[in-house]
Enquirer: 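Dropping a structure here in structure tokens format, bear with me for questions.
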Amino acid sequence: MATSQRRAFPRSALTLALAIEACWLASVALVPLAAVHQDWLVGASEVPKVFLQRTFALLLIVLVVAEWARAGGGFPLMRGWLTIRSRPILLSALAVLVATSVSAMVSPMPVVSLLGPDVGWDSFGVASLVSYLVVFAVIATRVRSGAEVRRLLWAVTVPAVLIGWYGMGQHFGIDLLRVDASPSSRVPLTFGNPIFGAAYLILTIPLTLALWQGWRERYSLMSHAAIGGALISLQAAAIAFTLSRGSMIALAVALAVFLAMAAWSMGRDAVKAPAGSIVVAIGFAFIMSYVPVPGDVDTSGQFDERLLSVGSAFTSAGGGLTGRFTIWDVSLDVYADVPWVDTGRFGDMPELSWAPLHQAVGYGPDMFGYAFPLAGDTRMASRPNHAHNAIVHTAVELGALGLIAYGVLLVAVVAAGLRLVRSARAGSMPTWAGFVVAGLLASLVGRFVEQMAGKPQVADLALTWVLVGTVAAILGWTAEQWEAEPALVSERGKSGRRLLRGQRQVQVVGGRRAPQVAVAVVVGLVATVAWWQVVIGPLSVSSLVARAEVASESGQPARAGELLESAVESYPAAAVPRLLLGRGLLLGSRTASTQDLRIAGLQEALGVVEGAFDRNPMDYRAWVTAGKITQEMAALDPARFGELAIATVERTVALLPGYRDPREQLALTLLVAGEYDRAIEVAAGARGLAAATDPDGVYLDYIMAKSLIRSGRVDEAVPLIAQIAGSGYVDAAVLVQDLRAPE
């Protein structure tokens, strides 16, 4: 019995080790590909990626703890694990986690900073960061052979080529995941947004080139360059079809760095093949940009036109970076001034305790979208949830502590990169490994450049951490370790099977493993509950909401309402189904036969929407919807609901002080509540904001004129009526007719 137990232990070690590697490879390969039909999920390109990333992270935690328990509490003693060379990267990654966690703890809304504004959607919260760091840490501490690195690069390359194919289809109007697909001048790929797709491919193209260099000796120079060009051509064409200028610049920098590092470390002759592949890929992208697409969309030459306009993005007043400059300027003001809602006036809003402290620790993860509007800057017509600059965004959300943590990580990666390049130049690794090093570092350089004006998403963030983990893993490798193949069977045969992965050995602590097994079981149960609550739950809600939208579009409002009610009941913390159900009940109340029934319907709608405030009291989407509901309640019974409607909309104005729309809604609410003088005052103030974002502002003129008429100041309303009539606004005649109708 004892002999068979000893034999079983190594077999289980082998199984666990293979399962762990399969898990991280599946994570790297499947997360960027994850996307479903738009009728299946709300967030069809985003929610599946988050689902897979968090699922694989939880599974890795369970597997690693199971391995720990199998070893009787010991860990695999791997050569190079937490060595002097890799320790700075690992510790700086830990510093990033600590900085993010500290910021989340002092955040005005810790729950939002933990799981994001919408659970199960992409976010910058602690849960998302942990899911990246789990994969990063496992790769950094377990990859110990060149064969494992090759498998990891294949897990990156194959999906990237498939994504390129998919982008080609989208460009020419073939998209199996969309209803009524048509040719696209800017393809979103599997990411739902062209910028996100291009940001991901910046990382994969240098890695694809690097991987292919391992087969240089098997082909002639021309054949090798042509095949390599074919591997990256689809990816390059996909970037061209996104028309993302920032990504084009970042890719150019990444490829230049790749060739420069390869030439410096391995000689100029070594870069002839990859340089030829790059030329082939660029030529292919240019040619494909001129191929006509079906239908009326003319995409010919858009790629080179976009490329030639890169300079104007920096210099012209209307260039592509004009909006970015404004966001950065306002964001820095937010960081310096730390504005916040007047909680003395609005007691249901969260407190920002110790405001000066937040320059050091930030507002908290995922709080940018709530802090930015509080600056009250009228130049921004939109409400961004990211600064479109990694440094500025980090300053606002994580403060100086986060900037220091990420800065230390950057320095650690740069130092590691320099060491690796010098090792390649000294011949301490085979040629193919030198190209891998060049590809890893070039991808990270391109990533840094792109993030100076870009916005990260789950797939590219996850891959970035994987690449950093790989850099940490390969530090200090010898040429023998690069060429080593993991042995699955020892010389003593199957009875002594063990996994060698470099020089790894497993220590089993004396057979007393009951406590460790108990810990592993508890971890597994906790992971299962977490998976069910924060991974499966939001996915189910997204499915129900998508089905509700399909039912609504097909003329089945009752069925849509049932599905949304099921979503709210199954996951009360989800805001999206509450908002949609509330809006549906609002519309349904308008068909009620009596005023009492209509008010009852509106009250039900308000109760559904207000449930969103339990988790996120600053959700301005919910406040806008609640404002519309209470506004109609006030129109039906001003004496009963007027103050409620005004107080509700005032909160929206407090959350979005520099924007016209909330003030317009407040002015209209004051009008229906009978507070005409205040309505005129608020509408006039909003009209001043409209000059910056909407020169017409005709509806505000209508509100002012209506309030003037109802307050008996008809003479003052006459010029406004004439102004509306001559505005050219599509509904001007209707507004004028209403104003001229007898009260």
Side-chain angles (χ1 to χ4, degrees), residues 25-56 120-123 128 131-132 135 153-205 207-208 231-244 246-248 250-251 285 288 293 443 447 450 454-467 535 538-539 542-543 546:
L25 291 177
S27 173
V28 171
L30 296 181
V31 167
L33 290 174
V36 299
H37 195 277
Q38 65 184 65
D39 288 345
W40 297 358
L41 288 178
V42 172
S45 299
E46 179 178 336
V47 172
K49 290 179 173 59
V50 176
F51 167 77
L52 287 181
Q53 179 66 32
R54 295 181 178 178
T55 296
F56 285 125
W121 291 65
D122 193 19
S123 77
S128 294
S131 72
Y132 307 140
V135 183
L153 290 183
W154 277 117
V156 173
T157 295
V158 173
V161 174
L162 295 177
I163 289 169
W165 270 113
Y166 185 61
M168 189 77 68
Q170 287 180 319
H171 181 68
F172 290 99
I174 303 171
D175 191 344
L176 300 179
L177 301 182
R178 293 189 62 82
V179 177
D180 300 327
S182 59
S184 176
S185 58
R186 296 196 70 182
V187 298
L189 305 174
T190 59
F191 302 88
N193 186 297
I195 295 176
F196 298 153
Y200 183 82
L201 294 178
I202 290 168
L203 295 166
T204 64
I205 289 177
L207 295 173
T208 305
L231 287 173
I232 66 171
S233 288
L234 291 172
Q235 300 173 59
I239 288 184
F241 294 155
T242 66
L243 300 181
S244 175
S247 297
M248 294 176 191
L251 178 61
M288 295 308 298
V293 301
S443 294
R447 172 66 172 178
E450 189 271 335
K455 176 186 176 183
Q457 197 237 21
V458 53
D460 51 86
L461 269 173
L463 183 55
T464 300
W465 279 107
V466 165
L467 300 187
V535 181
L539 185 73
S542 295
S543 175

Enquirer: Can you name the nearest heavy-atom pair linking Ala240 to Met248, along with the distance?
Expert: O-CE, 4.3 Å
Enquirer: Could you pull out the closest heavy-atom pair between Ile202 and Ala250, with the gap in Å?
Expert: CD1-CB, 3.7 Å
Enquirer: Mind checking what makes side-chain hydrogen bond (donor to acceptor under 3.5 Å, both in side chains) contact with Ser443, not counting sequence neighbours?
Expert: none
Enquirer: Yes or no on side-chain contact (heavy atoms from CB on, under 4.5 Å) for Val135 and Phe56, after CA distance, side-chain angles and deciding distance?
Expert: CA-CA 8 Å; Val135 183; Phe56 285 125; 5.5 Å; no
Enquirer: For Asp175, what residues pass the side-chain contact (heavy atoms from CB on, under 4.5 Å) criterion, not counting sequence neighbours?
Expert: Tyr166, Gln170, Leu177, Arg178, Ala181
Enquirer: Parallel, tilted or perpendicular: which describes the rings of His171 and Phe241, with under 30° parallel and over 60° perpendicular?
Expert: parallel
Enquirer: Who passes side-chain hydrogen bond (donor to acceptor under 3.5 Å, both in side chains) against Ser131, sequence neighbours left out?
Expert: none
Enquirer: Report the distance from atom OG1 of Thr208 to atom CG of Leu231, rounding to the nearest 0.5 Å.
Expert: 7.0 Å
Enquirer: Which atom pairs, one a donor and one an acceptor, fall under 3.5 Å between side chains of residues 25-46 and the rest of the protein, sequence neighbours left out?
Expert:
residue	atom	partner	partner atom	Å
His37	ND1	Asp39	N	3.0
Gln38	OE1	Val179	N	3.3
Glu46	OE2	Asp122	N	2.7

Enquirer: Would Tyr132 and Val458 satisfy side-chain contact (heavy atoms from CB on, under 4.5 Å), going step by step from the backbone distance to the final call?
Expert: CA-CA 9 Å; Tyr132 307 140; Val458 53; 3.6 Å; yes
Enquirer: When rounded to the nearest 0.5 angstrom, what distance separates CG in Leu201 from CD1 in Ile232?
Expert: 11.5 Å
Enquirer: Could you tell me if the side chain of Asn193 sits less than 4.5 Å from the side chain of Gln457, heavy atoms only?
Expert: no
Enquirer: Shortest non-hydrogen contact from Arg186 to Thr242?
Expert: NE-O, 2.7 Å
Enquirer: So how far is it from Leu539 CG to Arg54 CZ, rounded to the nearest 0.5 Å?
Expert: 12.0 Å
Enquirer: Thr157 side chain to Trp154 main-chain N or O, any donor-acceptor pair under 3.5 Å?
Expert: no
Enquirer: What distance separates Thr204 OG1 from Leu153 CG, expressed to the nearest 0.5 Å?
Expert: 11.5 Å
Enquirer: To the nearest 0.5 Å, what is the distance between CD (Glu450) and OH (Tyr200)?
Expert: 14.0 Å
Enquirer: Taking only residues two or more places apart in sequence or in another chain, which ones pass ring pair (Phe, Tyr, Trp, His ring centres under 6.0 Å) with Phe196?
Expert: none
Enquirer: So, do Ser244 and Pro194 sit near enough that their side-chain heavy atoms are less than 4.5 Å apart?
Expert: no
Enquirer: Who pairs with Arg447 by side-chain hydrogen bond (donor to acceptor under 3.5 Å, both in side chains), at least two apart in sequence or on another chain?
Expert: Asp460, Thr464
Enquirer: Exactly one of Leu234, Val158, Leu189 should register a side-chain contact (heavy atoms from CB on, under 4.5 Å) with Ile163. Which one does?
Expert: Leu189
